[in-house]
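Before any comments, here is the structure.
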2 protein chains.
Amino acid sequence: MQNSEALGLTAALLAVAGDLTQRIHDGVVARGFEGRPAYGFAFTRLAPDGATVTELARHLGVTKQGASQLVDELVAKGYVERRPHPRDARARLIVLTDRGWACTRAAEEAAAEVIRGWSGALGGEAEVRALREQLARIAPYGPIRPAW
Amino acid sequence: MQNSEALGLTAALLAVAGDLTQRIHDGVVARGFEGRPAYGFAFTRLAPDGATVTELARHLGVTKQGASQLVDELVAKGYVERRPHPRDARARLIVLTDRGWACTRAAEEAAAEVIRGWSGALGGEAEVRALREQLARIAPYGPIRPAW
DNA sequence: CCATATAGTCAACCAGCTTGACCATCTTCT
DNA sequence: AGAAGATGGTCAAGCTGGTTGACTATATGG
């Protein structure tokens, strides 16, 4: 692997990631929801049983104040609500509302739509599955990180 | 392709992209350069012959004012310089300095180092090349977009 | 039951963009 | 040639989405 090839792979990966994010966002907006891409990452942690602000912060790789501001936004838009935590009076459980679930499903549909388009470029569904498995092997654990 | 699989592929792709970006950045810093990931995207457009602020702005998908501020940063850190444009007195040609080239090579090395690590997880270099080719097929044209 | 750790919020601040206004220069049309 | 509009770039102001720091309330271990 020469260094220039490494840059080419990096560029392709980040271009695909940015494009996918943008198109999922567009698809979600087209289905009648407003927001920004960060919402999706929050939703994957909040579904299915909710999470505390601190857990969400760790998942997103931001401070708990930052996560709390994001939750404020989500509450204002009606996607989540803050409930008392059943086993810890200090904490609050952030859970998806019905509208939050609907938005999550819209994101899934939009993602599936984009990825279906990849089948043509790659040759078929089998190749898409292979890509998914390869990426899963090199995907890290730990908090989500912005791609740049 | 079920919707939930689409989300899994999306999550894996964005996790890999974010992790790769972070580790390239770490590698560049470890080699004695300071900056942020956006620098790398600017460098790929400025090499090898330079570019105007407006061209850079289009490449990065930001306004020309935003690109100009980035160039201010790069000038202050000694990575690029503004020269008079040879064929247009309104424009300026932004070109990499020696230090800018050195930083670019450091980023290439860091990227190659990370990607070498993928060979183990994927089974070999051939699989890495296959991944590169698949991604190149679905990579879009147009400006770079932040992944979120 | 006290000492310390943890969950969450409020306030102030900052980085990295945006929009709007503007000037200099290039290009096109008559 | 000269006017009119398009284009390259900058300055200034403002916004968004995060940060750090200080604080309160509750939980937990000795």
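Quick note on labels: first sequence line is chain A, next is B, and so on, each numbered from 1.
- If you find the closest nucleotide of DNA chain D to A/Gly66 and to B/Asp72, the one lying nearer the 5' end belongs to B/Asp72.
- Here C/dG20 presents its P atom at 11 Å from CD of B/Gln65, a figure rounded to the nearest Å.
- Residues A/Ile115 and B/Thr10 have side chains in contact (heavy-atom distance under 4.5 Å, counting atoms from C-beta outward).
- Between D/dG8 and B/Arg87, no contact under 4.0 Å exists linking OP1 or OP2 to a side-chain N or O.
- Whole-Å rounding puts the A/Arg92 CZ to C/dT6 C1' distance at 16 Å.
- A/Arg82 has its CZ atom 15 Å from the P atom of C/dA7, to the nearest Å.
- Two residues, B/Gln69 and B/Lys64, neighbour DNA chain C, and the one matched to the more 5' nucleotide by heavy-atom proximity is B/Gln69.
- Residues A/Cys103 and A/Phe43 are in side-chain contact: their nearest non-hydrogen atoms beyond the backbone lie under 4.5 Å apart.
- Contact annotation: A/Thr63 side-chain N/O to D/dT19 OP1/OP2 distance is under 4.0 Å.
- For the pair A/Arg90 and A/Val62, both in contact range of DNA chain D, the more 5′-proximal nearest nucleotide belongs to A/Val62.
- Between B/Glu73 atom CD and D/dT10 atom P there is a gap of 15 Å when expressed in whole angstrom units.
- Between B/Leu70 atom CG and C/dG16 atom P there is a gap of 9 Å when expressed in whole angstrom units.
- A straight line from CZ of B/Arg36 to P of C/dG16 spans 4 Å, rounded to a whole angstrom.
- Note: CG (B/Leu93) to C1' (D/dG9) measures 14 Å, nearest angstrom.
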